[in-house]
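Just so we're on the same page: letters track the sequence lines, and every chain starts at 1.
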There are 2 protein chains.
Amino acid sequence: MTAIDLPHPAPPGDASRSANPSRILTLVHHHGKLSRAQLTRLTGLNRSTVSVLVGQLAAAGLVYEAAASGESQVGRPSPDVHANPAVAALAVNTEIDAVTIGLVGLGGQVLKKIRYATERIPTASEAVNIAAAVIAGMRSELEARYKIVGLGVAVPGLVTTVDGMVRLAPHLGWEDEPLARMFTQATGYPATVANDASLAAEAEMVFGAATGLRNLIYLNGGASGIGGGIITEGRLLTGVSGYAGEFGHTFVAANGRRCHCGALGCLETEVSQAPLLEMAGLDGGEPGELAGALRTAPGMEAMAEVRRQLGHLGTALRNIVNIFNPEAIVLNGFLAALLAAAPGELQDNLRAESMRGPGAEVRLSPAVLGSDLMMVGAAELAFSGLLADPLGHAEGN
Amino acid sequence: MTAIDLPHPAPPGDASRSANPSRILTLVHHHGKLSRAQLTRLTGLNRSTVSVLVGQLAAAGLVYEAAASGESQVGRPSPDVHANPAVAALAVNTEIDAVTIGLVGLGGQVLKKIRYATERIPTASEAVNIAAAVIAGMRSELEARYKIVGLGVAVPGLVTTVDGMVRLAPHLGWEDEPLARMFTQATGYPATVANDASLAAEAEMVFGAATGLRNLIYLNGGASGIGGGIITEGRLLTGVSGYAGEFGHTFVAANGRRCHCGALGCLETEVSQAPLLEMAGLDGGEPGELAGALRTAPGMEAMAEVRRQLGHLGTALRNIVNIFNPEAIVLNGFLAALLAAAPGELQDNLRAESMRGPGAEVRLSPAVLGSDLMMVGAAELAFSGLLADPLGHAEGN
DNA sequence: GATTTTTGGTGTTTGACACAACATATCAGC
DNA sequence: GCTGATATGTTGTGTCAAACACCAAAAATC
């Protein structure tokens, strides 16, 4: 026989590269600011090591130091290390009725956000052109005042993140679009593409409702269906090709309604926004209003529909809890409204239906990042290269 | 004196400890033997570094070198590095009708296996006592010929692995048993406990049907239900408390049958072994026979039942594929028999029902490790400490 | 103003690893 | 059988990240 098959052809030469600058910058980015003393404790590194690393990051322009904030105590005060928001990422969110372009600084602050509404569902090229035009308009300012590390794109569909291909985005009608390449060519910035719900999950973990948690599920309910993101051990679960997290097609009902995906009884055919809006007497409108409108809607019909949908949602959540044993499930969009419309009901259902161990521990909470969510998530995608290797990256460009 | 300089003031959160000895030993352990040249390629390290590391591992008695195997080629031959099977782990598998104790050498070879059948379902203490007695019987041999690194225990239930508590094992009737502590006290070896299906998943990834894959789902069908293990990015997904993977309680049918877990329509109430055995005219018997017996069973009844169960199993698999986007799903126990009884059907169902991207890529395969599976898996648990830090660990004891 | 407490900065040491030069073992061709 | 090509093991040196020990600085307390 020939020699043993080599499962991995050959990993890139340098495997054990120093991860500590990355850890420092990531901590500062996620917390906004952090004193050197806090960094020392959080990383477990030596004070002097932290000193050196912060110095390097400051020299690279990624962080700056400022006097300690109010909070005074015995001992020499420790200056705060701030993420430098002039190091920024462009973020693009593509939806069925709009393309939103944003600028997000290191530290997670949304510096600019421009929503460009479209009259009809944009094609991939149209979305790219809109974003490129908006970015071109900002260009002189971007070049003068910011250091742009890249561009992150959120797409509601199946995305192969490594090569930036949108395999299928059913609600946009896109199929096999090389979106990352298109964005890179149109804007000149290195672009990365990922599923919108995955990015939202990361954003909520880093800056939102699940700050500090390492095992969570994010579920979003939008006009076009239900998507999800999975975070385990603090990392986004992508699956082999980056398609993981399609919770909208979990089986929850045996009534024979066929989903656009081809299967029967999918969560997103049973639990959807349209009937809720109708019951509540709204059309479109603000996402925040829905919960209140449902609670005060006249007659029993609205509540019955809420209950029906909560039942199916509960089934999906039961599966999730039994399979993932997460710390929290974060709900957004109309799913958050469902949660708010009947407080406690979902949590009670879940306790009753899921297995004792995991069911008792999970926390249900609404998303908190609101309209900045996708900007922060997409920017995080663009930041990821910088965060993984801050110094190499900083010199490289 | 006050304030003596503490060598390690803070718990040394030394994340960036050298991981390379671990990588080398893990590779050798998983492959059995590997030449130094192969190790150089696989790790991407320098030849000289590999030389030093292998030397250290050999000095610690974890590996040994032997002349290259047959295969000759141009150039100086590279000696094979073998995992030393004298470094071994004890493995215990607790089932409703037996306790199995095994000895597994580094490299994954099962050196001994003793199945102790019980007349009734053992309590936790009984299981511990049985295992401890068997181990006591081997003790002199173990001490003379092996270096035992620890003891791994597989339990069919919810296990908090960090503290070794069995929270709930419904089929064994165990609840809140501090099993790791009990085993450690009874045997003197450091014991670690985990869910059986999780361990099986790891074993199949490392030595079995999914060698080299990094994203897979393992599903086992046994007399007492359906359990699963999840591996993503080459790592076992445990959830916050280690309860993840309870696929048996996925919702698959709305016919109102209540599961022992309290919910309705669980996979394991719809898809179960007993009716299949009955249709096939077997009782208990060898796991291998079932598939053949089902195919040759007289009348249409057996096939109808197979079809019914395949339908429900397909629904669960559809969820899995949409949620995880795995490379492979490995089926064991009677689920493997179902797969074999109607070749292709499950795969076709899956293609039709799951979303286009992930559905096309997934591979369904039966488990291959057979009766050694749980021994290898449980031993892997005991080896994990050694593999994570081979040199520190080797000196420590 | 002295003491205590906590932190930052500097120089030295350690250890892991790469790199280069050299030694060695096999095959292929003559 | 000798010779060169090739792949590998071995040894010595250089580099870099990070720990460590010591000193200086800056509050808060006495």
Side-chain angles (χ1 to χ4, degrees), chain A residues 3 6 10-25 34-59 63 65-81 389-392 395, chain B residues 2-25 34-59 63 65-81 389-392 395:
Chain A
L6 306 179
D14 149 26
S16 62
R17 115 173 281 111
S18 164
N20 284 336
S22 164
R23 291 175 61 202
I24 300 268
L25 184 59
L34 229 35
S35 75
R36 286 194 181 197
Q38 286 175 303
L39 286 171
T40 305
R41 278 191 294 271
L42 288 170
T43 57
L45 296 173
N46 196 284
R47 275 209 304 275
S48 39
T49 306
V50 171
S51 179
V52 170
L53 295 178
V54 169
Q56 290 172 340
L57 292 174
V63 302
E65 290 180 88
S69 56
E71 183 79 11
S72 85
Q73 52 179 349
V74 187
R76 177 173 172 174
S78 189
D80 280 332
V81 180
D389 184 10
L391 300 174
E395 302 311 316
Chain B
T2 57
I4 298 170
D5 273 340
L6 304 176
H8 297 292
D14 72 66
S16 60
R17 130 171 264 109
S18 163
N20 285 337
S22 165
R23 292 175 62 200
I24 299 267
L25 185 59
L34 231 34
S35 74
R36 277 157 91 130
Q38 286 175 306
L39 285 171
T40 305
R41 279 189 293 269
L42 287 170
T43 58
L45 296 172
N46 194 280
R47 279 209 304 276
S48 52
T49 306
V50 171
S51 179
V52 170
L53 295 178
V54 169
Q56 290 172 339
L57 292 173
V63 303
E65 291 180 90
S69 56
E71 180 77 10
S72 82
Q73 51 180 348
V74 187
R76 177 170 173 175
S78 189
D80 279 332
V81 180
D389 184 11
L391 301 175
E395 303 310 318

Engineer: How long is the span from the OG atom in A:S35 to the CZ atom in A:R41, to the nearest 0.5 Å?
Structural biologist: 6.0 Å

Engineer: Which heavy-atom pair separates B:A37 from B:S78 by the least distance, and what is that distance?
Structural biologist: N-OG, 3.0 Å

Engineer: B:N46 vs B:V50, test: side-chain contact (heavy atoms from CB on, under 4.5 Å). Steps then yes/no.
Structural biologist: CA-CA 6 Å; B:N46 194 280; B:V50 171; over 6 Å; no

Engineer: Where the side chain of B:A37 is defined as all heavy atoms beyond and including C-beta, which of D:dT8, D:dA18, C:dT7 is the nearest nucleotide?
Structural biologist: D:dT8

Engineer: I need the B:L25 CG to B:N20 CG distance, nearest 0.5 Å.
Structural biologist: 12.5 Å

Engineer: Please determine whether side-chain contact (heavy atoms from CB on, under 4.5 Å) holds for the pair A:L39 and A:V54, giving the CA-CA distance in whole Å, both sets of side-chain angles, and the decisive distance to 0.1 Å.
Structural biologist: CA-CA 9 Å; A:L39 286 171; A:V54 169; 4.0 Å; yes

Engineer: Output the rounded distance in Å from CG (B:L45) to P (D:dG9).
Structural biologist: 13 Å

Engineer: What's the CG-P distance between A:L39 and C:dT6, to the nearest Å?
Structural biologist: 19 Å

Engineer: What's the separation between atom CZ in B:R36 and atom CG in B:D80, rounded to the nearest 0.5 Å?
Structural biologist: 11.0 Å

Engineer: Output the rounded distance in Å from CG (B:D80) to P (D:dT8).
Structural biologist: 12 Å

Engineer: Check A:L57 against A:P390 and note the closest heavy-atom contact, atom names and distance.
Structural biologist: CD2-CB, 3.7 Å

Engineer: For nucleotides 22-24 of chain C, tabulate all protein N/O to nucleotide N/O atom pairs closer than 3.5 Å, reporting atom names and distance.
Structural biologist:
none

Engineer: Taking only the side-chain heavy atoms of B:R36 (C-beta and beyond), determine which of D:dT8, C:dA18, D:dT10 contains the nearest atom.
Structural biologist: D:dT10

Engineer: Tell me: CD of A:Q56 to P of D:dC16, nearest whole Å?
Structural biologist: 12 Å

Engineer: Measure the distance from CG on B:N20 to P on C:dA16 and round it to the nearest whole Å.
Structural biologist: 10 Å

Engineer: Let's see if you can work this out: which of C:dA25, C:dG9, C:dC17 has an atom nearest to the side-chain heavy atoms of B:L53?
Structural biologist: C:dC17

Engineer: With rounding to the nearest 0.5 Å, note down the distance linking CD1 in A:I24 to OG1 in A:T43.
Structural biologist: 5.0 Å

Engineer: Any side-chain N or O of B:R41 less than 4.0 Å from the OP1 or OP2 oxygen of D:dT8?
Structural biologist: yes

Engineer: For nucleotides 10-12 of chain C, which of its nitrogen or oxygen atoms have a protein nitrogen or oxygen under 3.5 Å away, and what is each distance?
Structural biologist:
none

Engineer: For the pair made of CG in B:D389 and C1' in C:dG15, what is the distance, rounded to whole Å?
Structural biologist: 15 Å

